[in-house]
Structure formats: C-alpha cells, structure tokens
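Values below: every heavy atom of this structure, side chains too, minus hydrogens, waters and symmetry copies. A note on names: the letters A, B, ... follow the listed sequences, proteins ahead of strands, and every chain is numbered from 1.
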2 protein chains.
Amino acid sequence: MKKGNSDLAELHCVEREKVISVRKKLKTDRFFHSLAETFKAMSDPTRAKIIYALCQENELCVHDMAAIIGTSNSAVSHQLRTLRNMKLVKYNKVGKVAFYSLDDIHINNLFAEGLRHVEEK
Amino acid sequence: MKKGNSDLAELHCVEREKVISVRKKLKTDRFFHSLAETFKAMSDPTRAKIIYALCQENELCVHDMAAIIGTSNSAVSHQLRTLRNMKLVKYNKVGKVAFYSLDDIHINNLFAEGLRHVEEK
DNA sequence: AGTAAATATGAACAATTGTTCAATCGTCGT
DNA sequence: ACGACGATTGAACAATTGTTCATATTTACT
C-alpha cells in the first residue's frame, strides 16, 4: 500500500474525481510550510515597510530604515533578523554600519505582485 | 507645517538623501496594513493548501478540501472564513454544499509567484 | 583609555493565532 | 417529522508573535 492514497478505498467525499485529481498534484507538507513561511515574512506591516523601502533604495542601514518607517531601532533590528533568517535580506557591514538589501530578485517580484493586488482594490 | 516631513529639520540619519527620497514614496500606514494582511492570508500552511487546491480545481466544497489536505472539516471551515473575510475566496451554496473558489485572478498570480519562489530555492 | 554611535540581543509582556471539541444550523431523502 | 450530512460557529487552549526596555557588542573618534 502506497502512502498518499492509502485510504483511497474508503475515501469519502462529494466529488470523487476532483479530490483524487488534486491529491495527485499535492506537494509535501514541508513544501507548504516553506511557502507559508515565505508569505509570513511579508505579513507584518513593519516588515512590509522595510521591504518596500529596500525596493526603492537597494541598500539601507538600520538607523535610516527606522527613520524612514518611524519606529525604534530595536524593532527594526529584530525584524531584520527575522527577514535574514528567512533569507529575504542580506547585509554587509561597513565599519559600524550594516547595509541591508533584498536577497534576490524573486523577492521583488513577489512583493510587487502583492503591491499590485492591494493597489487595484 | 505639513505632516510627513514635520521633523525633517531635525532629521537624524546616516544617508540623508536616501531617507528623504524613500520617505516621499512611502505609502500610508493603512496601505501597509492591507498589504501585510494580504500576505498574512497566505501565511498559514492550511490556508496555503486550500489556495493551492483551488488553483487546481477552481471550485471545491469544504468537505472535499478537508479530504484533500487531510484536516478536519471544522479547521478548514474556520480558515475559509478567514479567507472570505480577506476577500481571497468567494463561494456559492448549492443545497447543503458550499462551493468555494478564488475571488479574482490576482490571487492566482500572487500565489503563483510565491510558488515559483519556493520551487526555485 | 574613554565616550558616543550603530546594531544586536535577551527577557518580558500583551496580543494574536490555529486547532480541537462541542453544539448548532440548514437542507436533503425517506 | 426524522435522521444524516455538509457546513458554520463559539469557547478554550497552547503556541507564536511583535514591541519595549535594558543591556551587550562593535567600531570610530578624540
């Protein structure tokens, strides 16, 4: 008995073919977890502002981001750590200043798509 | 004194021009809140699975979604309510069965962009 | 060495979240 | 009218979250 359709025999549903068809195309739990994490990275106003700012100027330091979005240094730093862990931003430190930028172009695309969605509502 | 640059005189930052430039392009708090909400809608594994399923078959009932993603009816229904409130899905009821579908094409695009991002990692 | 600035971090807190469980509602078939 | 089924809902719970505050850490300047 193969995993994934182990309970196919006793499958109880309304539209059988649909269920079986979608089930076949279903990704792993790990995949959906990653996917959700990616969206979650952008799901906080402060982080959204940070990403937006980095879309305008592709390098900004912590202090300036705080000045731009109007929150404390600490709050921004904490959120940047989150974004760093989720691989959405990278940084390089020059002296005592840490310059952050978006990690890759996919982030821009994804974020831009979100922007478009909200703008066209 | 206009709002938004009220404290421009005493603006303390590292790269002044950048800060002023990004500040000008900054959207409202309301906007960033909406933007974050949109991403948040997709930031849970169960909701991501629901949306994914609705991308494959554009109409599915609650019971079948539960069967597909392997959770309780109740959990799915709760999440569908969230998605409904956020205007990501719509539904029409036929008899006792509620068929859900994605609210508009933007959702597909946004979600697809997220998928691409995770797949190409 | 000593101070200030830029960032990072840990603890603590309230607030929000997602699931489960139980109860309920509405519609269909008998 | 009844029971079965699909769906919804509210309460409750643990878990996670984002900020603040205080405290490091690191580098630069004198």
Side-chain angles (χ1 to χ4, degrees), chain A residues 10-16 18-19 29 32-33 35-37 39-51 59-86 88-101, chain B residues 10-16 18-19 29 32-33 35-37 39-51 59-86 88-101:
Chain A
E10 64 218 22
L11 175 61
H12 178 230
C13 56
V14 176
E15 299 176 296
R16 204 157 202 284
K18 279 194 182 182
V19 173
D29 268 19
F32 284 112
H33 184 77
L35 183 57
E37 284 293 303
F39 286 120
K40 187 181 283 181
M42 303 178 169
S43 75
D44 170 77
T46 302
R47 288 198 295 275
K49 287 177 192 172
I50 289 174
I51 296 169
E59 256 200 354
L60 285 168
C61 69
V62 179
H63 189 257
D64 285 357
M65 285 193 239
I68 289 168
I69 74 187
T71 33
S72 71
N73 252 332
S74 181
V76 172
S77 185
H78 273 297
Q79 297 297 9
L80 281 170
R81 173 147 78 141
T82 305
L83 292 172
R84 235 163 46 219
N85 290 340
M86 288 169 168
L88 290 213
V89 301
K90 57 180 192 265
Y91 77 113
N92 73 313
K93 210 155 183 174
V94 179
K96 57 185 172 179
V97 182
F99 289 100
Y100 280 82
S101 54
Chain B
E10 63 219 21
L11 175 60
H12 179 230
C13 56
V14 177
E15 299 176 295
R16 203 159 204 281
K18 279 193 182 181
V19 173
D29 268 20
F32 284 112
H33 184 77
L35 184 55
E37 284 294 303
F39 286 120
K40 188 181 282 179
M42 303 177 169
S43 75
D44 170 78
T46 302
R47 288 197 297 274
K49 287 176 192 173
I50 290 174
I51 297 169
E59 257 201 353
L60 285 168
C61 70
V62 179
H63 190 259
D64 285 358
M65 286 192 240
I68 288 168
I69 73 186
T71 32
S72 71
N73 248 333
S74 180
V76 172
S77 185
H78 274 297
Q79 297 297 9
L80 280 170
R81 173 147 78 141
T82 305
L83 291 172
R84 234 163 47 218
N85 289 342
M86 290 171 168
L88 291 212
V89 301
K90 57 179 192 266
Y91 77 113
N92 74 311
K93 210 155 184 176
V94 179
K96 56 183 171 179
V97 182
F99 290 100
Y100 280 82
S101 54

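The pair B:Asp64-A:Arg16 does not count as a salt bridge, with every side-chain nitrogen at least 4.0 angstrom from each carboxylate oxygen. Ion pairing between a basic and an acidic side chain is recognised when a charged N comes within 4.0 Å of a carboxylate O; B:Lys40 and A:Asp44 show no such pairing.
At a threshold of 4.0 angstrom between heavy atoms, the contacts of B:Phe99 with the nucleic acid are absent. Backbone-only engagement by B:Ser72 is indicated by non-hydrogen atom pairs under 4.0 Å involving sugar-phosphate atoms exclusively. Among the heavy atoms of the strands lying under 4.0 Å from A:Thr46 are primed sugar atoms or P, OP1, OP2 only; no base atom is included.
Between A:Tyr100 and C:dA8 there is a side-chain polar atom (N or O) within less than 4.0 angstrom of OP1 or OP2. Distances shorter than 4.0 Å separate none of the side-chain N or O atoms of A:Arg81 from OP1 or OP2 on C:dT7. Between B:Lys40 and C:dT17, a side-chain N or O to OP1/OP2 separation shorter than 4.0 Å is present. At D:dT19, one or more side-chain N or O atoms of A:Gln79 fall inside 4.0 Å of OP1 or OP2 (strictly under the cut-off). Applying the 4.0 Å criterion to OP1 and OP2 of C:dT7, one finds that A:Arg84 has every side-chain N and O outside that range.
Note on ring orientation: taking the six-membered ring where Trp is involved, the planes of A:Phe39 and B:Phe39 are parallel (angle under 30°, cut-offs 30° and 60°). Ring pair A:His63/B:His12 is perpendicular by interplanar angle, where above 60° counts as perpendicular and below 30° as parallel.
In this structure, the nucleotide among D:dT19, C:dA8, D:dA7 sitting nearest to the side chain of A:Ser77 is C:dA8. When distances are taken from the side chain of A:Ala98 to each of D:dA7, C:dA8, C:dG18, the shortest belongs to C:dA8. Here the nucleotide nearest the side chain of B:Lys96, chosen from D:dT8, D:dC5, D:dA28, is D:dC5.
Atom NE2 in B:His12 sits roughly 11 Å away from atom C1' in C:dA4 (whole-Å rounding). For the pair B:Leu80 CG and D:dA7 P, the interatomic distance rounds to 9 Å; values are reported in whole Å. Atom C1' of nucleotide C:dT17 and atom CG of B:Asn85 are separated by 14 Å, given to the nearest angstrom. Whole-Å rounding puts the A:Asp44 CG to C:dA15 C1' distance at 13 Å. Rounded to whole Å, the distance from CZ on A:Phe39 to P on D:dT17 is 17 Å. In this structure, A:His33 atom NE2 and D:dT16 atom C1' are separated by 12 Å, rounded to whole Å. The interatomic distance linking A:Ile50 (CD1) with D:dG18 (C1') rounds to 12 Å, in whole Å. Per the geometry, CD belonging to A:Glu15 stands 12 Å off P belonging to D:dG6, to the nearest Å.
For C:dT7, the base is not stacked against the aromatic ring of A:His63, per a cut-off of 5.5 Å between centres and 30° between planes. Stacking of the aromatic ring of A:His78 onto the base of C:dT9 is found: the ring centres lie under 5.5 Å apart and the planes are inclined by under 30°.
Taking only distance into account, the side chain of B:Ser74 meets the base of D:dT9 through a donor-acceptor pair shorter than 3.5 Å.
Mapping A:Val14 and A:Thr71 onto DNA chain D by nearest heavy atom places A:Val14 closer to the 5' end of the strand. Along DNA chain D, the nucleotide nearest A:Val76 and the nucleotide nearest A:Lys93 are compared for position; the residue whose nucleotide lies closer to the 5' end is A:Val76.
Between B:Leu60 and B:Ile50, the closest side-chain pair of non-hydrogen atoms is not below 4.5 Å. Between A:Phe32 and A:Glu37 the shortest side-chain heavy-atom distance does not fall below 4.5 Å.
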